[in-house]
Amino acid sequence: MSIRAQMQRMGWSIEWDREIASHEPEMYRWTQWLFLKFFEAGHAHRRAAPVKWCPNDQTVLANEQVIDGHCERCGALVESKILEQWFFRYTAYADELLDDMKLIDWPERVLAMQRNWIGRSDGAELLFRVDELDIDVPVFTTRPDTIFGATFFVLAPEHPLVPKLVEGTPHEQEVLEYVRRTAARSFAEREENEKDGVFTGRFATNPANEARIPIWVADYVLMEYGSGAIMAVPAHDERDFEFAQRYDLPVKTVVVPAEANEASAPGAFSAHTENERLIDSGQFSSLSSPEGKKAIADWLAERGRGRSAVSYRLRDWLISRQRYWGTPIPVIHCPACGIVAVPEEDLPVLLPEIDDYTPKGKSPLEAAQDWIRVTCPKCGGRARREADTMDTFVDSSWYFLRYCDPHNDQAPFDRGLIDYWLPVDQYIGGIEHAVMHLLYARYFAKVLEELGLVGFREPFTRLFNHGWVDMGGAKMSKSKGNVVSPDDFVREHGADAVRLYILFIGPADARVDWQDDGLEGMVRFLRRLWRVALEVAALPDTLAEGPLAHKAHETIAKVTDDIGRRFAFNTAIAAVMELLNEIARDPKATGARFAVETALSLLQPSAPHITEELWERLGHEDRLWKSPWPQADPAMLVRETFELVVQVNGRVRDRLEVPMSLSEDELIARAKESPKVQAHLDGGEIRQTIVVPRKLVNLVVGLDG
RNA sequence: GCCGGGGUGGCGAAAUUGGUGAUACGCGGCCGACUUAAAAUCGGCUGUCCCCGAUGUGGGGCGUGCGGGUUCGAAUCCCGCCCCCGGCACCA
């Protein structure tokens with residue numbers, strides 16, 4: 001059964017007229033159009049960069065698609081390659097993506113994951129001098145206060161300076177061999193390996209104390225982060241310490257706990273704690289660690305040897321894919337003009353027909369030679385099309401805009417319709433989208449707003465993360481084969497029972513376990529609803545009065561709040577169950593019909609089929625799904641009496657049904673009259689009386705006079 | 001290690017702002033009714049220990065991961081700890 005037929009059988013309310021598909025030219029034409037806008041505005045650019053490469057899928061991957069060093073799709077170990085690729089410059093938006101979090105109402109864990117992912121670090125960029133080559137090499141550090149403890153210097157193997165440093169020296173062979181070896185390692189290997197590296201024979205000068213420290217090349221320093229070079233402070237950085245231990249490099253302690261005067265264990269690693277101060281750091285000794293950070297950074301800045309700097313874990317979004325199924329990147333490579341955008345009127349650039357779709361290390365589109373070979377739109381000379389396609393996350397970064405105007409063939413969407421519908425008030429999706437789709441879409445909105453295409457900078461005002469259904473302790477998924485096919489249950493018990501059960505099984509944001517027995521319970525509930533409703537339908541109509549009508553109004557209030565505000569579908573259904581239990585106790589009671597109709601209304605969104613049928617059988621000619629949501633009448637919510645809880649010393653001793661109208665003094669008087677309460681007062685003196693209106697009275701009795 | 005979320009019956013869970021007996025609603029279990037029987041359905045019971053002047057519409061103690069605290073009152077707030085789930089992690 002197709003996915004669409006499955007959705008229809010479940011009775012989902014979907015406006016199929018707005019269906020769009022990212023692989024159809026009518027849609028990807030506009031993805032290409034948007035790419036060109038990004039390109040013109042400088043947001044899309046092509047550059048050579050070390051990229052994550054999946055050897056199995058034969059394609060590059062975005063950083064976000066690498067999980068623990070493995071390919072998100074196939075699980076293969078991801079490798080490093082240097083390739084010319086297209087990027088969206090979203091690191092430029094790192095601070096905005098952080099700051100604008102205050103504009104949106106999202107679950108804290110998603111914001112935390114995004115914050116984590118962006119990974120902003122505040123620190124300083126400091127210049128170390130290599131005298132023999134007469135150059136300065138910048139390092140990024142978050143701990144300028146430890147600079148007097150820098151005992152060596154490390155460059156990433158990919159650092160462009162490495163070959164120059166060793167050229168013509170006795171270390172050249174060894175260093176270049178090391179660089180080659182690490183290049184062949186996968187990311188996972190690099191991380192798992194014990195730290196290794198090689199000395200270059202060169203020295204750098206520490207700008208703080210003019211100490212000459214050896215320059216090493218080691219693959220625990222990453223080219224993609226900071227400047228690809230570090231000052232190593234083994235006493236205060238665990239990784240540097242590990243490396244120093246292995247190669248017997250000196251360890252110099254420069255930060256100690258506030259009360260200590262010297263390092264308790266010289267040459268050891270000391271973890272960062274609060275309340276530290278500097279030692280052996282020239283004029284900065286005895287400053288606290290935060291003071292030292294600022295003072296040293298300022299001092300170096302004054303002398304032109306540093307500046308404050310911010311670094312991010314976030315990398316630019318790599319969007320090139322060497323795959324067939326994606327939107328072709330609409331540019332042309334001309335030997336004379338360079339990269340030339342496909343003119344807007346030539347869009348869409350259609351995916352060519354090819355025989356072999358399998359990935360083979362370069363784009364399968366390269367095989368379509370007639371398609372590849374074009375004339376340059378600028379100079380008319382011979383040129384080649386870009387053969388890579390876009391990451392499909394580009395499509396999902398704006399699909400919701402297209403939903404507002406799905407058939408527009410003049411523009412991706414009409415601004416007026418966007419202003420009417422968007423931003424999305426309530427977005428619902430799984431937590432797996434936290435750092436991919438949701439971050440990309442936020443970035444897209446910011447660029448589109450700057451391009452004047454939309455009027456907002458955050459696309460999804462509120463976000464709710466739904467949970468998922470586990471089966472025998474593992475997430476249900478087709479690849480694991482532990483899937484409950486809804487079709488079987490729908491065939492056997494109907495879509496309503498399945499829908500209700502999924503809502504009832506637990507909180508909507510939780511991970512829940514599928515139990516066949518639970519579904520049986522829901523089937524029982526629906527049968528009961530059916531019986532009771534028909535029984536009531538056969539009785540003469542009564543007024544919407546009496547205890548049942550009151551209960552019905554209370555249920556309306558509860559369900560409306562549960563669904564509308566709390567996303568608590570499980571308790572909403574429980575409330576309707578309570579109402580039905582009450583009706584079933586005496587279906588002939590006054591107000592039973594009103595109560596049944598209320599139950600049907602409240603269940604309509606969850607169980608649309610059975611409620612519609614019963615609605616008709618109750619004699620209605622209109623359609624329940626078109627009827628307005630029921631309103632709780634405030635007058636019907638008011639009770640004349642309530643159950644007063646009487647406590648003595650905080651322990652419940654009696655419950656009394658009393659009129660709502662009683663004053664606090666009267667409530668206290670009633671409480672004291674209770675024989676059960678008196679038994680516990682036991683003649684003791686009442687020292688304090690607490691009254692919570694409409695709830696309880698607490699009498700505090702002295703233990704002893 | 002850092003960040004986020006959790007821990008409540010036999011099970012899924014509820015208790016929304018510190019104020020209704022902790023455990024709604026459902027599942028499972030036990031007992032009963034109906035039936036030749038079963039299914040279906042309906043009714044009752046179902047945290048734990050204890051008391052009885054006595055089997056009741058009775059009474060009491062304990063109980064929300066563990067130990068403390070605040071409060072008239074704590075599943076809810078605070079401090080310390082344990083465990084589980086998720087994210088990040090050679091990011092300087």
Side-chain angles (χ1 to χ4, degrees), chain A residues 67-68 107-117 119-121 123 139-143 146 154 156 187 190-195 218-222 224-233 236-240 242-243 271-272 311-315 431-432 434-435 500-501 504-507 509-522 524-525 527-528 531 558 561-562 565-566 568 570-578 580-581 584-585 642-655 676 679 687-701:
Chain A
I67 315 287
D68 286 335
E108 180 50 36
R109 63 175 167 158
V110 175
L111 297 179
M113 281 166 75
Q114 293 200 349
R115 239 178 256 126
N116 226 325
W117 190 258
R120 181 186 159 116
S121 296
V139 301
F140 175 76
T141 179
T142 54
R143 297 292 310 274
T146 64
V154 189
F187 285 94
R190 282 177 70 155
E191 283 185 29
E192 282 158 17
N193 266 1
E194 198 189 340
K195 290 185 186 17
D219 73 352
Y220 80 93
V221 173
L222 309 175
E224 313 95 87
Y225 188 77
S227 62
I230 61 159
M231 63 173 199
V233 185
H236 306 293
D237 183 287
E238 221 169 342
R239 297 150 302 178
D240 297 343
E242 209 183 301
F243 193 81
H272 194 31
S311 209
Y312 302 91
R313 212 189 72 96
L314 190 73
R315 310 285 198 268
I431 188 70
E432 68 273 17
V435 286
L500 275 173
Y501 177 56
F504 184 71
I505 192 167
D509 59 356
R511 178 174 172 162
V512 293
D513 210 65
W514 179 273
Q515 305 280 345
D516 286 359
D517 286 343
L519 183 67
E520 293 294 334
M522 205 46 76
R524 226 172 288 168
F525 167 67
R527 274 206 286 259
R528 201 165 136 91
R531 257 193 335 267
K558 162 96 177 136
D561 187 50
D562 278 357
R565 181 179 65 84
R566 300 178 60 215
N570 53 335
T571 54
I573 291 165
V576 181
M577 285 175 165
E578 271 190 72
L580 184 67
N581 288 347
R585 224 157 273 151
F642 72 98
E643 195 177 59
L644 176 71
V645 172
V646 185
Q647 300 180 330
V648 177
N649 290 341
R651 288 176 178 275
V652 178
R653 297 304 179 186
D654 202 4
R655 286 157 295 131
K676 288 177 185 170
R687 292 183 168 175
Q688 196 183 348
T689 313
I690 286 115
V691 179
V692 180
R694 298 178 185 190
K695 290 216 163 98
L696 62 77
V697 168
N698 185 13
L699 304 173
V700 184
V701 182

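In this text the structure is predicted, and so the values were computed from the model without any measurement. In what follows, every chain begins at residue 1, and chains take the letters A, B, ... in the order their sequences are listed.
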ask   = Please give, in whole Å, the distance from B:rA92 P to A:Arg120 CZ?
value = 13 Å

ask   = Between B:rG18 and B:rA13, how far is it from one P atom to the other, in whole Å?
value = 24 Å

ask   = Atom CD1 of A:Ile573 and atom OH of A:Tyr501: how far apart are they, to the nearest 0.5 Å?
value = 11.5 Å

message = Classify A:Val221 by what it touches in the nucleic acid, base, sugar-phosphate, or nothing, heavy-atom distance under 4.0 Å.
response = base

ask   = Expressed in whole Å, how much space separates the P atoms belonging to B:rA24 and B:rG86?
value = 30 Å

ask   = Syn or anti: how is B:rG9 classified when any glycosidic angle within 90° of 0 counts as syn?
value = syn

query = Under 4.0 angstrom, heavy atoms only, what part of the nucleic acid is A:Gly521 near: base, sugar-phosphate, or nothing?
reply = sugar-phosphate

ask   = When rounded to the nearest 0.5 angstrom, what is the spacing between CG in A:Leu580 and CZ in A:Arg585?
value = 10.0 Å

Value rounded to 0.5 Å, distance of CG in A:Asp654 from CD in A:Gln647 = 12.0 Å

ask   = Of the nucleotides B:rA24, B:rG4, B:rA89, which one has an atom closest to the side chain of A:Glu578?
value = B:rA24

request  = Could you check which of B:rG87, B:rC72, B:rA40 has an atom nearest any side-chain atom of A:Ile690?
outcome  = B:rC72

note = Looking only at B:rA89, B:rC25, B:rG4, the nucleotide nearest the A:Arg109 side chain is B:rG4

Pairwise distance NZ(A:Lys695) to CZ(A:Phe642) - rounded to 0.5 angstrom = 10.0 Å

message = Using whole Å, what does the distance between atom P of nucleotide B:rC88 and atom CZ of A:Arg313 come to?
response = 8 Å

P spacing across the pair B:rG61 / B:rG56, given as an integer number of angstrom = 22 Å

request  = Quick one: sort the A:Tyr225 and A:Phe140 rings into parallel, tilted or perpendicular, breaks at 30° and 60°.
outcome  = perpendicular

ask   = Should we count CZ of A:Arg120 as having more than 12 external heavy atoms under 6.0 Å?
value = yes

request  = Could you tell me the separation between the CZ atom of A:Arg115 and the P atom of B:rA89, rounded to a whole number of Å?
outcome  = 17 Å

ask   = Just how far is it from atom CG of A:Asn698 to atom OG1 of A:Thr689, taken to the nearest 0.5 Å?
value = 8.5 Å

message = Both A:Met113 and A:Gln647 contact RNA chain B. Taking the nearest nucleotide for each, which residue is further toward the 5' end?
response = A:Gln647

ask   = CH2 of A:Trp117 versus P of B:rG86: gap in Å, rounded?
value = 17 Å

Distance (rounded to the nearest 0.5 Å) between A:Asn649 CG and A:Gln688 CD = 10.0 Å

ask   = Can you tell which of B:rC25, B:rU20, B:rC3 lies closest to the side chain of A:Ala112?
value = B:rC3

query = Is there a Watson-Crick or G-U wobble partner for B:rG1 with both distances under 3.5 Å, and which nucleotide is it?
reply = B:rC88

query = Just to confirm, is there a sub-4.0 Å distance from OP1 or OP2 of B:rA92 to any side-chain nitrogen or oxygen of A:Ser121?
reply = yes

request  = Give a yes/no answer on whether the side chain of A:Arg524 brings an N or O atom under 4.0 Å of OP1 or OP2 in B:rC27.
outcome  = yes

message = Expressed as a whole number of angstroms, how long is the span from A:Phe525:CZ to B:rU41:P?
response = 14 Å

key: Interatomic distance, A:Leu111 CG vs B:rG86 C1' [rounded to whole Å]   = 15 Å

ask   = Is A:Asn698 near enough to B:rU71 that one of its side-chain N or O atoms lies under 4.0 angstrom from OP1 or OP2?
value = no

inquiry  = Can you check the distance between B:rC72 and B:rG80, where both ends of the measurement are the C1' atom (answer in whole Å)?
reply    = 26 Å

task = Determine the interatomic distance between C1' on B:rG29 and the same-named atom on B:rG10; round to the nearest Å.
result = 8 Å

ask   = Counting N and O atoms only, with roles assigned by atom type, does the side chain of A:Arg315 sit under 3.5 Å from a partner on the main chain of A:Arg313, one being a donor and the other an acceptor?
value = yes

key: Candidates B:rG19, B:rA92, B:rG26 - which lies nearest the side chain of A:Tyr225   = B:rA92

remark   = Picking from B:rG28, B:rG4, B:rC72, the nucleotide nearest the side-chain atoms of A:Gln688 would be B:rC72

key: Enclosure of A:Glu238 CD (heavy-atom neighbours >12, cutoff 6.0 Å)   = no

request  = Summarise how protein sits on nucleotides 11-17 of chain B as a single string, 5' to 3': B when a protein heavy atom is under 4.0 Å from the base, S for sugar-phosphate-only contact, - for no contact.
outcome  = -BSSSB-

note = Result for 5'-nearest mapping on RNA chain B, choosing between A:Glu108 and A:Lys195, is A:Glu108

inquiry  = Distance check needed: B:rA22 C1' versus A:Leu696 CG, whole Å only.
reply    = 15 Å

ask   = Taking CG from A:Asp654 and C1' from B:rG19, how many angstroms apart are they, rounded to a whole number?
value = 17 Å

task = Provide the distance between the two P atoms, one in B:rC31 and one in B:rG87, to the nearest whole Å.
result = 46 Å

ask   = Would you say A:Arg531 reaches B:rC42's phosphate, i.e. side-chain N/O to OP1/OP2 under 4.0 Å?
value = yes

request  = Give a yes/no on whether any side-chain N or O of A:Arg653 is located under 4.0 angstrom from OP1 or OP2 of B:rG60.
outcome  = yes

ask   = Looking only at atom C1', what distance separates B:rA22 and B:rU48, rounded to whole Å?
value = 13 Å

ask   = In the strands shown, is B:rC45 matched to any nucleotide by a Watson-Crick or G-U wobble pair with both distances under 3.5 Å, and which?
value = B:rG29

inquiry  = Work out how far the C1' atom of B:rC82 is from that of B:rU20, and round it to whole angstrom.
reply    = 33 Å

